[in-house]
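Encoded as structure tokens, the structure appears first; notes follow it.
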Amino acid sequence: MFNKILIANRGEIALRIQRACRELGIPTVAVHSTADAEAMHVRLADESVCIGPPAARDSYLNVPAILSAATITGADAIHPGYGFLSENASFAEMVEAHGLTFIGPSPAHIRMMGDKIAAKTAMASLGVPLVPGSDGAVADIEEARRVADDIGYPVLIKAAAGGGGRGMKVAFAPDELEEAWQVARTEARTAFGNDAVYIEKYLDRPRHIELQVLADSFNNVVHFGERDCSLQRRHQKLLEEAGSPALTAAERDALGATVTAALSKLGYRNAGTLEFLYQDGKFSFIEMNTRLQVEHPVTEMVCGVDLVREQIRIATGRRLGYEQADVTFSGHAIECRINAEDPETFSPTPGRVTAFHAPGGLGVRVDSALYAGCVVPPYYDSMVAKLIVHAPTRAEAIARLRRSLAEFAVIGIKTTLPLHQRIIQDPDFIAGDYTIHWLERFVARS
Ligand code: MV4
């Protein structure tokens, strides 16, 4: 086991990782910017190192400062959390070049999945279903036209270096293709410095369903079921569920069997999430995330697993020690992301939290680094808390969510708590009847 772990992150996820480390008896090092000197993740760590000024590029993305902090404190592993350096293959390589362990997948797998074309090519060759589309990159408009005519309109042009919704353009008919092609290429080149693009059939009303996996260093791979992350606005998720209200246990088992077999052949290691679009009873792989995700707690609640503990054990070379048949699913979990944002305009609302009261009771979990008197700085992501509820059925989880949201008090700054209260009262939400487009329309009509 590691002697000391440096956590290269801030906020609630830094606390989440500290908690797993503490239960394993491993001391932690926090890193922080000057803006976070009073932050909870610094206060709760065994040691802390200031790594730079507020701007993330000078602190939480400052690789030399983070590696120096690990060296001077004698840390032997780095957990990157999510965001920041978590999917930076070069960072993972540098961590290993310094004789430290990167708690995550191999740099080669991080790099492969960062290239959406390489990811799709690999998954297709391993039998994972894809959306109909181009076989790899599309070189020019003539080829784009042939592919689009072949798969049929509407089509979506995507950047190989994209992901998370950046660099996508739809063409609903042949006369829109050339314009979409030019815009997508130019955006890919300017945003990512890589103008490689590919084409897919555009699915018009999918759900966003992702599968959580863990893999050890001996090609043992297990999955922990799906999360439904369809409730998003501008590619920012607001609420996630495990399991999906749209799937049967048989559909989950079949997808899980395909995915775990594929990742075992690929030699993938540590935690990963495969993103699928689900429409008309079919799953289509779109991307793979090679990090711990924000919404991992809903999976932890229904499976009774500590995913961060598992990540750390895997990184030390331990075997998983259980099989797919040992993973069981119990009840239903829902997570609300509470952001420091105006619930109507979504503009960020940094500032001082004058009072803070988190809900509690059976089946309620709050992951947050807020405390009464803390300051939410303006420099980072606006998510300040995650409220996760777990109950035997989805209906009971919604009831528990309603009472927990009513108990939750974050005073001094506006948050998205009132928006969640409205969402969970909507008949479509209560029926589980929504796609990736539902929330944008809900926000627009209210
Ligand atoms: C799609 C799609 C429809 N058809 N691909 C957006 C982010 C990136 N991860 C993939 N995305 C999409 N790919 C095909 N072939 C619709 C989206 C999409 C989306 C996907 C998941 C969650 C939210 C979304 C919001 C808008 C569009």
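Order of listing sets the numbers, starting from 1, for every ligand and every atom in it.
- Remark: ligand 1 atoms within the under-4.0 Å shell around heavy atoms of Leu277 are 1 (C), 2 (C), 3 (C), 4 (N), 5 (N), 13 (N), 14 (C), 20 (C).
- Neither the backbone nor the side chain of Asp204 has a heavy atom within less than 4.0 Å of ligand 1.
- Distances below 4.0 Å separate heavy atoms of Glu275 from the following atoms of ligand 1: 9 (N).
- The N/O atoms of Met168, backbone and side chain alike, include none that comes under 3.5 Å of an N/O atom in ligand 1.
- For a threshold of 3.5 Å applied to N or O pairs, the pair formed by Gln232 and ligand 1 contains no separation below that value.
- Below 3.5 Å of separation, one finds no N or O of Tyr202 facing any N or O of ligand 1.
- A cation-pi geometry, defined here as NZ or CZ lying under 6.0 Å from the six-membered ring centre and within 45° of its normal, does not hold between Arg252 and Phe224.
- The distance from ligand 1 to the heavy atoms of Leu156 drops below 4.0 Å at these ligand atoms: 1 (C), 2 (C), 3 (C), 4 (N), 5 (N), 13 (N), 14 (C).
- The pair Lys169-Glu176 does not meet the salt-bridge criterion, since no charged nitrogen lies less than 4.0 angstrom from a carboxylate oxygen.
- Ligand 1 has an N or O atom lying under 3.5 Å from an N or O atom of Glu287, backbone or side chain.
- Near Glu200, meaning under 4.0 Å from any of its heavy atoms, are these atoms of ligand 1: 5 (N), 14 (C), 15 (N).
- Glu210 has a carboxylate O that lies under 4.0 Å from a charged side-chain N of Lys237, or vice versa, which qualifies the two as a salt bridge.
- Aromatic ring orientation, His109 versus Tyr268: tilted (interplanar angle from 30° to 60°).
- Contact annotation: for Ile436 versus ligand 1, heavy atoms closer than 4.0 Å belong to the side chain alone.
- For the pair Arg403 and Phe408, the NZ or CZ position fails the cation-pi test of under 6.0 Å to the six-membered ring centre and within 45 degrees of the ring normal.
- For ligand 1, the polar-atom distance check against Lys158 finds a nitrogen or oxygen pair separated by under 3.5 Å.
- Atoms of ligand 1 lying under 4.0 Å from any heavy atom of Lys201, numbered from 1 in the order shown and given with element: 4 (N), 14 (C), 15 (N).
- Tyr60 has its ring centre less than 6.0 Å from the ring centre of Tyr380.
- For ligand 1, the atoms closer than 4.0 angstrom to any heavy atom of Val131 are 15 (N).
- Gln212 contributes no side-chain N or O that, together with a main-chain N or O of His223, makes up a donor-acceptor pair within less than 3.5 Å.
- Taking the charged nitrogens against the carboxylate oxygens, Asp381 and Arg337 have no contact shorter than 4.0 Å, which rules out a salt bridge.
- Near His208, with a cut-off below 4.0 Å to any heavy atom, the atoms of ligand 1 are 21 (C), 22 (C).
- Classified by interplanar angle (parallel below 30°, tilted 30° to 60°, perpendicular above 60°), the ring pair Phe91/Phe102 is perpendicular.
- Contact check on Arg16 versus Asp306 returns a salt bridge, with a Lys/Arg side-chain nitrogen under 4.0 Å from an Asp/Glu carboxylate oxygen.
- Each of the atoms 9 (N), 10 (C) of ligand 1 lies under 4.0 Å from some heavy atom of Ile286.
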